[in-house]
Amino acid sequence: SDACVDWHRAAVRAIAQDPEITTVVVIYRLNMHLLGNDTESAAPPDAADATLWASYLEEVRLLRDAGKTVVAVLPVPELPRPVDQILFRAGPTDAAPAGVERAWWQARNGFVQKNKADLGASSLIVDPTEAFCTGAACLAAIDSEALYFDSNHPSVAGARRIADMIFARLSIQATRQPDLVVAVKGG
């Protein structure tokens, strides 16, 4: 809705203008917005919504131009159905039930992968695919811990995997830029 878009833009501007916020993590379910909600098939990358992609890039640019360290987290692999259904079908002995084939995910995520350089060299890019996929499959759970709480939102365990990747990228960046301070603002 227009009200949602307006709220989102106002929130991004407020973050950009807040001098206490130095690092911003940007993560969206981009593929659903770019290609649609059909997780049964991978839409061809050229079917992506170019206007939405341009808006996403503008948001990243606005934050970067405001002096923020921007961590762009690429889309999290999507499941074909809610995780509880996958886990129920897999049964209690399967500690790592598959969600989708990795090849399917790579095709669905093709537009983002092809265009991620548009984010700019100064953005730190984190791709959660490696944290959610092994071999030929993207998993619904690893070591008996569900990675999602539905079909596309990471659970605490899934978010922890992404956070670990973010902190690793920020640590690498900090070694390249000694004046970068990595801190977690608690509340």
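This chain uses plain numbering: 1 for the first residue, then up along the sequence.
Between P128 and L74 the shortest side-chain heavy-atom distance falls below 4.5 Å. Looking at heavy atoms from C-beta onward, V126 lies out of side-chain contact with I27 at the 4.5 angstrom threshold. P77 places none of its side-chain heavy atoms less than 4.5 Å from the side chain of W104. Between T22 and T69 the shortest side-chain heavy-atom distance does not fall below 4.5 Å.
Sorted by first then second residue, the side chain to side chain donor-acceptor pair (under 3.5 Å) pairs that include residues 123-140, not counting sequence neighbours, are R64-S123, R102-E130, W105-T129, Q113-D127, D127-T129. Applying the side chain to side chain donor-acceptor pair (under 3.5 Å) test to every pair with at least one member in residues 151-165, sequence neighbours left out, gives these pairs: D150-H153.
Residues A131 and M165 share a closest heavy-atom pair of CB-SD, 3.6 Å. Counting all heavy atoms, side chain and backbone alike, P75 lies closest to V112 at CD-CG1, 3.7 Å. The minimum heavy-atom distance linking A137 with A98 is given by the pair CB-CB, 3.9 Å. Of all the heavy atoms in L79 and L139, the pair that sits closest is CD2-O, 4.3 Å. Closest approach of L87 to A146, counting heavy atoms only: CD1-CB, 4.0 Å.
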inquiry  = Before you tell me yes or no, could you show the steps for E78 and F132 under side-chain contact (heavy atoms from CB on, under 4.5 Å), namely the whole-Å CA-CA distance, both residues' side-chain angles and the distance that decides it to 0.1 Å?
reply    = CA-CA 10 Å; E78 299 163 328; F132 285 71; over 6 Å; no
task = Determine, stepwise, if the pair R81 / I86 fulfils side-chain contact (heavy atoms from CB on, under 4.5 Å).
result = CA-CA 7 Å; R81 60 189 166 279; I86 293 171; 3.8 Å; yes
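Here the CD1 atom belonging to I142 is positioned 4.5 Å from the CG atom belonging to L147, to the nearest 0.5 angstrom. The CD1 atom of I125 sits 4.5 Å away from atom CG of L119, with the distance rounded to the nearest 0.5 Å.
The side-chain hydrogen bond (donor to acceptor under 3.5 Å, both in side chains) search around R61 returns E58, D65, not counting sequence neighbours. Taking Y28 as the reference, H8, V26, L30, Y56, E59 meet the side chain to side chain contact (heavy atoms under 4.5 Å, CB included) condition, with sequence neighbours excluded. Looking at residues two or more places apart in sequence or on another chain, you find a side-chain hydrogen bond (donor to acceptor under 3.5 Å, both in side chains) between D118 and W53. Residues passing the salt bridge (Lys or Arg N to Asp or Glu O under 4.0 Å) test with E101, sequence neighbours excluded: none.
Without hydrogens or angle criteria, S55 side chain to T51 main chain gives no donor-acceptor distance under 3.5 Å.
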